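See structure below.
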Amino acid sequence: MKQKVTSIMNQLELGKANLTVFADTLIDLAKTDKNIVVVTSDSRGSGKLTSFAEQFPDQMVDVGIAEQNLVGVAAGLAAAGKKVFAVSPACFLTARAFEQIKNDVCYSNHPVKLIGISAGVSYGALGSTHHSLHDFAALRALNNMSIIAPADNFETRASIICAAAMKTPVYIRLGKRAIEHVHETDAVFEIGKAITICDGGDVAFIATGETVVQALLAAQLLGRQGVSCRVVSMHTIKPLDIEALVHAARECKAIMTVEEHLVHGGLGEACAAHLLQAGIALPCKIVGIRDEYTFTGTQLDIFKNYGMTAAGLADAAVRLVKQE
Amino acid sequence: MTTEEIKEKSIKYRIKILACIKQANAGHTGGSLSCIDILNVLYNRILDVTPENFDSRNRNHYIQSKGHSVEALYVVLADKGFFPESDLNTYCRHGSHYVGHPTRQVKGIEHNTGALGHGLSFCTGLALGGKMDGRNDKVYTLLGDGELAEGSNWEALLSAAHYKLDNLIAIIDYNKLQITGWTKDVCATDPLEEKFSAFGCSVQHVDGHDVEALTKVLQRVPFAREQPSVIIAHTIKGKGVSFMENNHAWHHHVPTDAEYAVAMQELNQALIEVRRC
Ligand SMILES: [Mg+2]
């Protein structure tokens, strides 16, 4: 978990899809490590793994459309000494195969790297069967599991490199669309250590995954209105960086958490629980997908509907600071 | 080990299984008595898995998919020296690692089972990993016939056949009973041979209580090149104690003091007879 990787990106330029970066990183790792094995459930195309499969056919396993078997086989391969990346759409991987994740991976403590692709509402208008708005909540409840939602290409590459070296289970959820770089070139990534992207004293945005760029844009909007914002990329949901959270809560007037997940059981409630137990009370808002039949549209349409784009976040932040 | 010694072990194991269940006042009696001869032959004649080589990858593997018959596994592992037999006095007790289903906290166990329908997928991965590295080790797993209703088993067989895993051996403890009653009355998993054959496995039947027949069939795997092997072991749930045999009520029933005394009498008598032969 201590492995550190440094960014070489330029902030807010549009990058690649995190999925593509994941696949490229795996190819780089496999070039020098024959133990890297990818297991997919007929998902090599959606996982951008076609090139990996062509270059490393002996390190590619396809179990067909069978997510339970995907995870069980991945656990067995891990027990056989392989560095296994089990790759499947996040919606199916974390729901259909939940018991395999619970028992064969977490309880048995086999170091499988579960990669949930096209996570959150990446699949947009394909509807709720294809959304994963439960995965943080479900997997947070499992002992031994680490959970990472990379914000951009740098965090994605870094988390895959770190995951390859991990001796315990990890779940990494990746988005589908090309994503803006959120970090400066001197950012450093370490699992369990949040990255403070910009500092401020009025509102702290604690965001994760592909909502970090929205929080950063909101901070820029608010800055022009004289509201000073801190943006923290909480890429690791479990174990949560409590130190960074407590610092933000002590040094800012209000906290907003942002996540591409149901408002229940995810980053927001994890932060709220820690703050309450630390005896810290301050204005706080959990921003995410409401508990309802999910609005239809693209990922960004859905973000907009739930106040998760820059404008929506900025409005909510102003109201929160004014205690409206 | 001679056949007579193996037969004697089977009875001694049964005595220890019942003692373990009785003192804990918990356990899965019928299934452990059903599969103990299979475990006996595996650990004493086939696997060559010992406390000394257990931490190496270059050895055979046994994963008990029907995790609830854990007393049978504990008794055999203790006999093989993985842990002191006295540890079993803590079975299911406060703070003990010896819980009611296999866990890696116990030396000799390499995967946690208990939820049914998980073993075959795990073994498929383990067997595939061995093939990838050019190892010759075999992966054995034991499943219940009731357990075969879990769809994940059939997902696993698809990929085991697809990847031509002839180092994978699935043994079915075919006692034809499950917790509710006869498997054919609950939700039939028969006909087994036709199903496994259709899924690309090569299948053999054996009397699951005949230690010589078990030895022979297990020595012949794989039955076909590039195919997973399935052994349908015809067994009797509760085998070895007259009133427990073929009675689903003994799935996880613990004997009363009177029942325990009769069971021990029967098993001790069997021990005398096997020694006389
Ligand atoms: Mg049965």
Side-chain angles (χ1 to χ4, degrees), chain A residues 30 33-42 56-86 88 92-93 96-114 142-144 167-169, chain B residues 54-65 67 99 101-106 109-135 137-139 141 150-165 167-168 199:
Chain A
D33 192 345
K34 278 186 74 76
N35 273 328
I36 299 278
V37 172
V38 170
V39 192
T40 68
S41 51
D42 193 28
F56 307 100
D58 297 337
Q59 288 162 259
M60 182 79 182
V61 177
D62 205 323
V63 299
I65 307 165
E67 292 79 13
Q68 297 179 72
N69 192 39
L70 170 87
V71 176
V73 165
L77 281 163
K82 298 298 174 186
K83 294 176 186 169
V84 188
F85 289 80
S88 186
F92 311 131
L93 178 66
R96 186 62 161 262
F98 183 72
E99 195 185 66
Q100 278 75 14
I101 297 175
K102 170 179 174 267
N103 293 335
D104 298 320
V105 177
C106 289
Y107 179 42
S108 294
N109 198 18
H110 294 298
V112 175
K113 302 106 181 51
L114 299 160
L142 298 181
N143 175 240
N144 276 336
K167 303 282 185 228
T168 51
Chain B
F54 183 71
D55 292 328
S56 148
R57 277 206 184 92
N58 213 351
R59 58 165 171 86
N60 293 322
H61 304 268
Y62 171 72
I63 308 296
Q64 190 161 307
S65 194
V99 297
H101 293 90
T103 88
R104 296 176 73 199
Q105 302 290 325
V106 173
I109 291 173
E110 54 190 303
H111 189 57
N112 301 8
T113 53
L116 295 172
H118 287 247
L120 256 183
S121 285
F122 180 81
C123 289
T124 296
L126 197 54
L128 185 56
K131 285 249 177 197
M132 282 175 170
D133 287 345
R135 290 196 297 268
D137 43 81
K138 293 190 174 73
V139 180
T141 183
E150 292 282 5
S152 49
N153 292 307
W154 306 96
E155 289 186 9
L157 287 176
L158 286 179
S159 48
H162 180 83
Y163 284 97
K164 303 179 170 38
L165 300 180
N167 55 341
L168 175 68
F199 275 73

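A quick note: this is a predicted structure, and the numbers were derived from the prediction, not measured.
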Residue from A:H110, A:K82, A:Q100 scoring the most non-hydrogen pairs under 4.5 Å with chain B is A:H110

In terms of heavy-atom pairs under 4.5 Å with chain B, which of A:V84, A:V37, A:V39, A:V61 leads?
->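 Option with the top pair count is A:V61.
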
Taking all atoms of both residues into account, what is the closest heavy-atom pair of [X] and [Y], and its distance?
X      : Y      : value
B:G129 : A:A80  : CA-CB, 3.8 Å
B:M132 : A:D58  : CE-O, 3.7 Å
A:A79  : B:R57  : O-NE, 3.2 Å
B:E155 : A:A66  : OE1-CB, 3.3 Å
A:N109 : B:R104 : O-NH1, 3.4 Å

- Report the C-alpha separation of A:N103 and B:N112 in whole Å, then their side-chain angles, then the decisive distance to 0.1 Å, and conclude whether the side-chain contact (heavy atoms from CB on, under 4.5 Å) test is met. CA-CA 7 Å; A:N103 293 335; B:N112 301 8; over 6 Å; no

Practice problem: Using a cut-off of 6.0 Å, state whether more than 12 heavy atoms not belonging to B:K131 lie near its atom NZ. | Solution: yes

- request: Among the options B:S159, B:A160, B:S121, pick out the one with the most heavy-atom pairs lying under 4.5 Å from chain A.
  value: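 With the most close heavy-atom pairs to chain A, the winner is B:S121.
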
Chain A shares the most heavy-atom pairs under 4.5 Å, among B:Q105, B:H162, B:R135, with B:R135

- Query: Does the pair A:K34/B:D133 count as a salt bridge with the N-to-O cut at 4.0 Å?
  - Reply: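 No.
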
| message | Going by the rule salt bridge (charged side-chain N to carboxylate O under 4.0 Å, His left out), which residues pair with A:K113 if we only count those two or more places apart in sequence or in a different chain? | response |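 Here no residue qualifies.
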
query = Side-chain contact, heavy-atom cut-off 4.5 Å: B:T113 with A:Y107?
reply = no

dist A:N69:CG -> B:F122:CZ (nearest 0.5 Å) comes out at 13.0 Å

Under 4.5 Å from a heavy atom of chain B, the part of A:V71 involved
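No part of A:V71 comes within 4.5 Å of chain B.
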
Turns out that what part of B:L128 lies under 4.5 Å from chain A's heavy atoms comes down to both

- Item | Engaged part of B:E110 at the chain A interface, taking heavy atoms whose separation is under 4.5 Å |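 For B:E110, the backbone is the part near chain A, not the side chain.
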
Checklist line | Residue list, side-chain contact (heavy atoms from CB on, under 4.5 Å) with A:F56, at least two apart or on another chain | finding: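 Per chain and number, A:F56 pairs via side-chain contact (heavy atoms from CB on, under 4.5 Å) with A:I27, A:A30, A:K31, A:F52, A:Q59.
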
